[in-house]
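Nothing fancy with the numbering, it's 1 onward along the sequence.
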Amino acid sequence: MNRRDVVFVVLAFTSAAMYLAFAAWRGVSGFPLDDAWIHQVYARNLGTRGEFAFFPGQPSAGSTSPLWTILLSLGYALRMDARVWTYLLGALLLGASAFWMARLARRIFPDSLFTVHCSLFTLFEWHLVWSAVSGMEILLFVFLALWLVERALANAHPFFLGVLAGALTLTRPEGIVFAALIAVISQFAICNSQFATRLTFFAIGLALFLAPYLIFNVAITGTILPNTFYAKNVEYAELFAQTPFIILWSKLLITPWVGAQILLLPGVVFVIARFVRERRWQTLAPVAWIVLLPTLYAMRLPVDYQHGRYEMPVIPFIVVYGIAGTAMLFEKIRLRVLNRAWGISIAVTLGVFWLMGAGAYTTDVAVIECEMMRSARWVADNAPRDARIAAHDIGALGYVYDRPFIDLAGLVSPEVIPFLRDENRLRDFMFSRNTQYAIFFPDWYPMLAHDSRFVPAYQTNCALTREMGGANMTVYKIVR
């Protein structure tokens with residue numbers, strides 16, 4: 001590791017630490033979404049009990065990121081503070097991603113002098129810094145994707161590429177699509193005479209990582225994908241009926257560009273045009289991902305909440321091609337004043353959004369703490385030990401409440417997936433299980449919230465949520 005790489009790591013930890021410091025200054029700490037706590041529950045059971053389970057003693061195929069769970073579980077096995085270990089992992093992955101950004105830029109543009117700019121942009125891009133301290137698997141996916149692309153363009157051995165592809169898929173299921181795209185366009189397409197042999201080695205490497213997880217899923221649920229995949233499809237099916245696909249797709253396509261990267265758009269277009277003209281198809285594969293990932297989510301999970309976290313993995317590729325294209329445009333235009341003004345605008349916008357991102361992160365953490373975590377602690381302190389409980393958001397509840405409960409979103413209660421948006425059937429299901437408490441946002445289940453048999457026992461009264469136009473999470477006591 002040279003001096004520049006050390007600087008990348010130091011800047012990564014500094015950038016992430018500043019977000020945490022700003023949140024602490026505002027009096028909050030934790031994670032900015034409930035799903036991060038779901039990962040913590042799985043990791044705790046794996047690290048302390050050796051079980052891949054949400055509820056102790058009940059194996060579960062609900063995790064969409066088993067590799068992230070494994071990494072998080074090391075903190076529990078080492079008896080480290082869970083939050084500290086998670087933040088350290090995130091900051092380290094941010095630095096590692098910046099390192100591989102520079103290597104990828106040099107691989108695609110070997111004579112370039114701007115690779116360090118790609119890394120610096122990564123270290124202060126607000127989505128990526130937010131993800132570093134989010135407790136989520138986003139930067140693990142980014143790091144592995146960058147590594148895979150760089151090694152594929154370097155014509156690395158297909159077995160190793162398969163291993164990376166397997167690790168990427170164990171981080172997020174859509175990793176298999178990205179791996180196939182890179183493998184076919186960047187690797188195998190340029191080795192036609194050895195296609196079958198190379199494909200075989202790639203498949204062996206992929207299976208080495210992926211097969212055990214698929215076997216586990218089939219054994220537990222009878223399906224190869226985690227419960228979440230099917231639950232989310234049902235949960236958001238209404239969006240497809242209410243909104244044209246082109247609008248959903250456009251919204252997801254635009255989301256990753258919110259920030260200084262929008263100023264890189266002319267550069268991205270310039271590079272694409274140049275590479276098409278030069279028939280450099282293998283180096284266009286990562287650009288295709290910028291469009292393909294939002295398209296996949298528009299077809300299966302058309303939501304852009306939490307700042308478009310599902311689409312964040314395309315941002316590094318926007319940065320690499322955008323900065324390279326912008327540098328090429330500067331050389332072509334040769335107007336020093338314009339070029340300098342454009343460059344300064346990019347830097348200033350990057351800094352402004354980095355600061356705004358710190359505020360957004362703080363708000364996100366505060367909402368989770370005063371809604372999900374506060375209601376979870378009330379249940380843990382006040383519900384009878386033998387109470388049957390149902391909840392829609394299960395991360396914080398699972399972390400502080402040490403007994404099994406019903407998951408109304410279907411992640412760890414897959415039996416509700418076929419009817420998880422049918423309030424009548426959910427109510428009947430809870431009644432059939434003698435459920436005594438239900439926890440959810442009133443506007444998510446309005447019919448249940450107005451049912452006289454669901455009596456409010458506790459409400460968080462979180463002022464921040466109300467200021468944002470939302471309803472407070474409520475614990476209902478079911479009386480029949």
Side-chain angles (χ1 to χ4, degrees), residues 16-17 19-20 22-24 28-48 52-54 60 62-76 80-94 126-143 170-173 226-228 231-232 301 303-313 357-358 360-377 391-401 407 409 411-412 439 441 465 473:
Y19 270 42
L20 295 175
F22 187 76
V28 297
S29 65
F31 300 115
L33 61 170
D34 191 64
D35 286 5
W37 289 110
I38 295 177
H39 285 307
Q40 293 294 331
V41 176
Y42 275 104
R44 182 174 60 190
N45 285 327
L46 182 60
T48 60
F52 213 94
F54 189 85
S60 169
S63 175
T64 55
S65 186
L67 184 57
W68 182 237
T69 297
I70 292 170
L71 292 178
L72 291 178
S73 71
L74 297 178
Y76 289 95
M80 289 186 62
D81 180 87
R83 296 185 189 185
V84 171
W85 174 253
T86 305
Y87 297 146
L88 287 175
L89 278 179
L92 184 62
L93 287 168
L94 181 62
W126 75 275
H127 293 92
L128 300 181
V129 183
W130 181 95
S131 66
V133 286
S134 69
M136 297 300 291
E137 74 282 354
I138 301 165
L139 278 178
L140 178 60
F141 190 94
V142 166
F143 163 67
L170 287 182
T171 303
R172 290 292 307 173
N227 297 334
T228 309
K232 294 292 186 182
L301 185 57
V303 292
D304 62 348
Y305 49 40
Q306 292 145 358
H307 316 297
R309 68 179 172 95
Y310 293 120
E311 291 73 47
M312 287 181 188
Y361 174 79
T362 299
T363 299
D364 296 337
V365 173
V367 169
I368 297 301
E369 287 296 306
C370 74
E371 293 289 358
M372 282 72 166
M373 192 59 76
R374 188 178 293 177
S375 59
R377 292 191 178 110
H392 180 269
D393 298 280
I394 66 170
L397 181 63
Y399 195 78
V400 303
Y401 184 72
D407 175 16
L411 174 65
V412 294
I439 312 166
F441 287 105
T465 306
M473 181 166 278

Task: Minimum heavy-atom distance between Trp85 and Leu71, given as atom pair plus value - done: NE1-O, 2.9 Å
- [ ] Identify which one of Tyr42, Tyr76, Trp37 satisfies the ring-ring contact (aromatic ring centres under 6.0 Å, His included) criterion when paired with Tyr399.
- [x] Trp37
TODO: Write down the atom of Ser63, the atom of Thr69, and the distance for their closest heavy-atom approach.
DONE: OG-OG1, 3.3 Å
Task: Minimum-distance pair of heavy atoms, taken over all atoms of Ala91 and Ala16 - done: CB-CB, 4.1 Å
Open item on the list: Looking at Ala396, is its backbone amide N or carbonyl O close enough to the side chain of Asp34 to form a donor-acceptor pair, meaning the two atoms are under 3.5 Å apart?
Closed with: yes
Open item on the list: What's the separation between atom CD in Gln40 and atom CZ in Phe31, rounded to the nearest 0.5 Å?
Closed with: 4.5 Å
Task: Leu89 and Trp68: CA distance, side-chain angles, deciding distance, side chain to side chain contact (heavy atoms under 4.5 Å, CB included) verdict - done: CA-CA 10 Å; Leu89 278 179; Trp68 182 237; 4.1 Å; yes
Open item on the list: Distance alone, cut at 3.5 Å: any donor-acceptor contact between the side chains of Ser65 and Arg172?
Closed with: no
Task: Atom pair CG/CG of Leu88 and Leu93 - distance to nearest 0.5 Å - done: 11.0 Å
Open item on the list: Please report the interatomic distance OG1(Thr64) to CG(Leu170), rounded to the nearest 0.5 Å.
Closed with: 11.5 Å
Task: Partners passing side-chain contact (heavy atoms from CB on, under 4.5 Å) against Gln306 (at least two apart in sequence or in another chain) - done: Leu33, Trp130, Arg309
Open item on the list: Keeping Asp35 on the side-chain end and Gly395 on the backbone end, is there a donor-acceptor pair under 3.5 Å?
Closed with: no
Task: Nearest-0.5 Å distance, OG of residue Ser134 to CG of residue Asp364 - done: 10.0 Å
Open item on the list: Restricting to non-hydrogen atoms, name the atom on Ala358 and the atom on Phe22 that form the minimum distance, rounded to 0.1 Å.
Closed with: O-CD2, 3.6 Å
- [ ] Just do the side chain to side chain contact (heavy atoms under 4.5 Å, CB included) check on Asp407 and Phe54 with the steps written out, would you?
- [x] CA-CA 11 Å; Asp407 175 16; Phe54 189 85; over 6 Å; no
Task: Minimum-distance pair of heavy atoms, taken over all atoms of Leu128 and Met312 - done: CD2-O, 4.4 Å
Open item on the list: How long is the straight-line distance from CD1 of Ile138 back to OG1 of Thr171, given to the nearest 0.5 Å?
Closed with: 12.0 Å
Task: Contacts of type side-chain contact (heavy atoms from CB on, under 4.5 Å), residue Leu92, not counting sequence neighbours - done: Phe13
- [ ] Provide the closest heavy-atom pair for Val28 versus Ala366 in the form atom of the first, atom of the second, distance.
- [x] CG1-CB, 3.8 Å
TODO: Quickly, which of Asp81, Val133, Leu72 forms a side chain to side chain contact (heavy atoms under 4.5 Å, CB included) with Thr86? Name it, please.
DONE: Leu72
Task: Pairwise distance OG(Ser29) to OH(Tyr87) - rounded to 0.5 angstrom - done: 6.0 Å
TODO: Over 60° means perpendicular and under 30° means parallel, so classify the ring planes of Tyr305 and Tyr310, tilted if in between.
DONE: tilted
